Amino acid sequence: MNKPLVSIVIPVYNGSNYLRRAIDSALSQTYPNVEVIVVNDGSTDNGKTHEIAESYGDKIRYFCKGNGGVSSALNVGIREMKGDFFSWLSHDDEYKPTKIEKQISELQSVKNPKMIALCGTEFINEQSHKLNKRWRMPEAGVYSSERAIIHLTEKVFSGIALLIPRRAFEENGLFDESLKYIQDVVMWRRILLSGYGLVVSQEVLSRSRLHGLQQTNNHREVFAQETERTALQFCDALCKNHNK
């Protein structure tokens, strides 16, 4: 079967606590055609993050940049990626070994190039132990762009649980670098509004770590402001889309 290249992009800022686990989970994928891209977003931890990334040598592709936020780091990864598909892995999260293999299979079975895949996500603690909590998500199935947009308004998709064709970014642009906390939701809205559907599997293939250093835990006021501002833009886009 066709085995398109998949680019796993790992943006990292001061990530020495968990980066190695993230990279190892990306390199341990059962899917045979993967490149792992690590983008160091100006870490200020006395070179600890840099040393971890450098230790992998040519097993990964490694880029350093000045600090600009996760959106800017993701955009560097997208510009540099060679793959036909994009998979975002946060530096403090992990993939299960079959994540990419199963999502590629799901997308190929649908035979529609304008689809993205979403898998189940479980939460883990600082020691990577599973927590009794799961990400709320749509039921398994294949959804049109219209139905997928409805689900996105009801539930936030886990960014690390998605597999996205590169062409979705070529058609809709990159992540909004003016946003610091909800750039992912805004990007998914743009992609779905442009006609992309959604293939959903309930199988848990990604692992999201909960810990006290996460930015959204420490900057809730800015998070709320960005949510309010972009909600109005989303409503306008929905109206325009409906009137086409």
Side-chain angles (χ1 to χ4, degrees), residues 1-9 29 31 34 70-71 74 77-78 81 83-90 93 95-96 98-123 134-176 179 182-208 227 230-231 233-242 244:
M1 292 183 64
N2 183 28
K3 301 290 184 184
L5 178 63
V6 175
S7 300
I8 299 176
V9 177
Q29 291 299 297
Y31 186 74
V34 166
V70 65
S71 295
L74 286 169
I78 293 169
M81 65 183 274
D84 298 302
F85 289 87
F86 163 87
S87 190
W88 167 11
L89 177 58
S90 298
D93 295 335
Y95 285 160
K96 291 194 174 182
T98 57
K99 196 265 188 186
I100 302 300
E101 180 181 6
K102 291 190 174 181
Q103 289 192 304
I104 284 290
S105 178
E106 289 161 4
L107 289 175
Q108 289 180 333
S109 68
V110 175
K111 298 180 181 179
N112 180 350
K114 297 201 69 169
M115 299 293 288
I116 63 178
L118 174 68
C119 66
T121 301
E122 66 185 12
F123 289 94
R134 280 189 63 177
W135 202 290
R136 292 177 62 246
M137 59 182 296
E139 293 182 2
V142 179
Y143 295 91
S144 66
S145 60
E146 292 81 5
R147 293 300 303 172
I149 290 169
I150 292 173
H151 282 299
L152 183 58
T153 61
E154 298 170 343
K155 305 174 181 69
V156 176
F157 297 168
S158 171
I160 66 168
L162 294 169
L163 185 65
I164 303 173
R166 178 178 184 154
R167 60 176 288 182
F169 297 104
E170 295 171 345
E171 296 169 358
N172 295 285
L174 303 180
F175 287 90
D176 186 340
L179 300 173
I182 64 165
Q183 66 286 327
D184 51 349
V185 176
V186 172
M187 188 75 249
W188 315 151
R189 289 171 181 168
R190 283 159 55 194
I191 291 175
L192 296 179
L193 283 168
S194 72
Y196 278 78
L198 185 68
V199 182
V200 178
S201 167
Q202 287 279 340
E203 184 174 1
V204 173
L205 300 173
S206 59
R207 315 184 80 206
S208 179
T227 300
T230 58
Q233 298 170 352
F234 181 46
C235 289
D236 290 342
L238 275 175
C239 291
K240 291 178 182 177
N241 208 55
H242 179 72
K244 285 182 179 179

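Computed from a predicted model, the values in this text were never measured in an experiment.
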Query - Side chain Asn172, main chain Ala168, donor-acceptor under 3.5 Å - result: yes

Query raised in the report: Would you find more than 12 non-hydrogen atoms of other residues, nucleotides or ligands less than 6.0 Å from Arg147 atom CZ?
Result: no

Requested in this report: Kindly indicate whether the side chain of Lys102, heavy atoms from C-beta on, has any atom under 4.5 Å from the side chain of Cys119.
Outcome: no

Query - Nearest non-hydrogen partners of Gly83 and Arg166, listed with the distance - result: O-CD, 3.3 Å

**Report entry** Side chain Gln202, main chain Pro138, donor-acceptor under 3.5 Å
**Finding:** yes

**Report entry** Interatomic spacing from NE2 in His151 to CG in Leu198 - rounded to 0.5 Å
**Finding:** 8.0 Å

Query raised in the report: Between Ile78 and Met81, does a side-chain contact (heavy atoms from CB on, under 4.5 Å) hold up when you go through it step by step?
Result: CA-CA 5 Å; Ile78 293 169; Met81 65 183 274; 4.3 Å; yes

Requested in this report: Could you pull out the closest heavy-atom pair between Val110 and Val199, with the gap in Å?
Outcome: CG2-CG2, 3.5 Å

Query raised in the report: Is a donor on one side and an acceptor on the other found under 3.5 Å between the side chain of Lys114 and the backbone of Ser145?
Result: no

Query raised in the report: Under 3.5 Å, side chain of Arg190 to main-chain N/O of Leu174, donor-acceptor pair present?
Result: yes

Requested in this report: Could you tell me which non-hydrogen atom of Leu89 sits nearest to which non-hydrogen atom of Ile160, and how far apart they are?
Outcome: CA-CG2, 4.1 Å

Report task. Apply side-chain contact (heavy atoms from CB on, under 4.5 Å) to Phe86 and Leu74, showing your working. Result -> CA-CA 10 Å; Phe86 163 87; Leu74 286 169; 4.1 Å; yes

Query raised in the report: Does Ser208 reach the side chain of Phe123, with side-chain heavy atoms less than 4.5 Å apart?
Result: yes

Query raised in the report: At what distance, to the nearest 0.5 angstrom, does CD1 of Ile191 lie from CD1 of Ile116?
Result: 6.0 Å

Report task. Measure across Met115 and Val142 and return the closest heavy-atom pair with its distance rounded to 0.1 Å. Result -> CE-CG1, 3.5 Å

Query - Sub-4.5 Å side-chain heavy-atom contact between Met187 and Phe169 - result: yes

Query raised in the report: Are side-chain heavy atoms of Pro4 and Gln108 found at a separation under 4.5 Å?
Result: yes

Query raised in the report: Are Leu162 and Trp88 close enough that some pair of their side-chain heavy atoms sits under 4.5 Å apart?
Result: no

Query - Phe85 side chain near Ile100 side chain, heavy-atom distance below 4.5 Å - result: no

Query raised in the report: Do Gln29 side-chain atoms and Lys96 backbone N/O form a donor-acceptor pair below 3.5 Å?
Result: yes

Query raised in the report: What's the spacing between Ser158 OG and Leu205 CG if we round to 0.5 Å?
Result: 11.0 Å

Report summary line: Heavy-atom closest pair (Glu171 atom, Tyr196 atom, distance to 0.1 Å) is OE1-OH, 2.9 Å

Query raised in the report: Do Tyr95 and Ile8 have side chains that get closer than 4.5 Å, going by heavy atoms?
Result: yes

Report task. Decide if atom CD of Glu139 counts as having more than 12 heavy atoms of other residues, nucleotides or ligands within a radius under 6.0 Å. Result -> no

Query raised in the report: Taking the side chain as C-beta and beyond, is there a heavy-atom pair between Val70 and Asp184 under 4.5 Å?
Result: no

Query raised in the report: Is a donor on one side and an acceptor on the other found under 3.5 Å between the side chain of Glu106 and the backbone of Leu118?
Result: no

Query raised in the report: So Lys99 and Arg207, side-chain contact (heavy atoms from CB on, under 4.5 Å) or not? Walk me through it.
Result: CA-CA 10 Å; Lys99 196 265 188 186; Arg207 315 184 80 206; over 6 Å; no

**Report entry** Pairwise distance CH2(Trp188) to CD(Gln183) - rounded to 0.5 angstrom
**Finding:** 8.5 Å

**Report entry** Closest contact, heavy atoms only, Ser201 versus Met137
**Finding:** O-CE, 3.4 Å

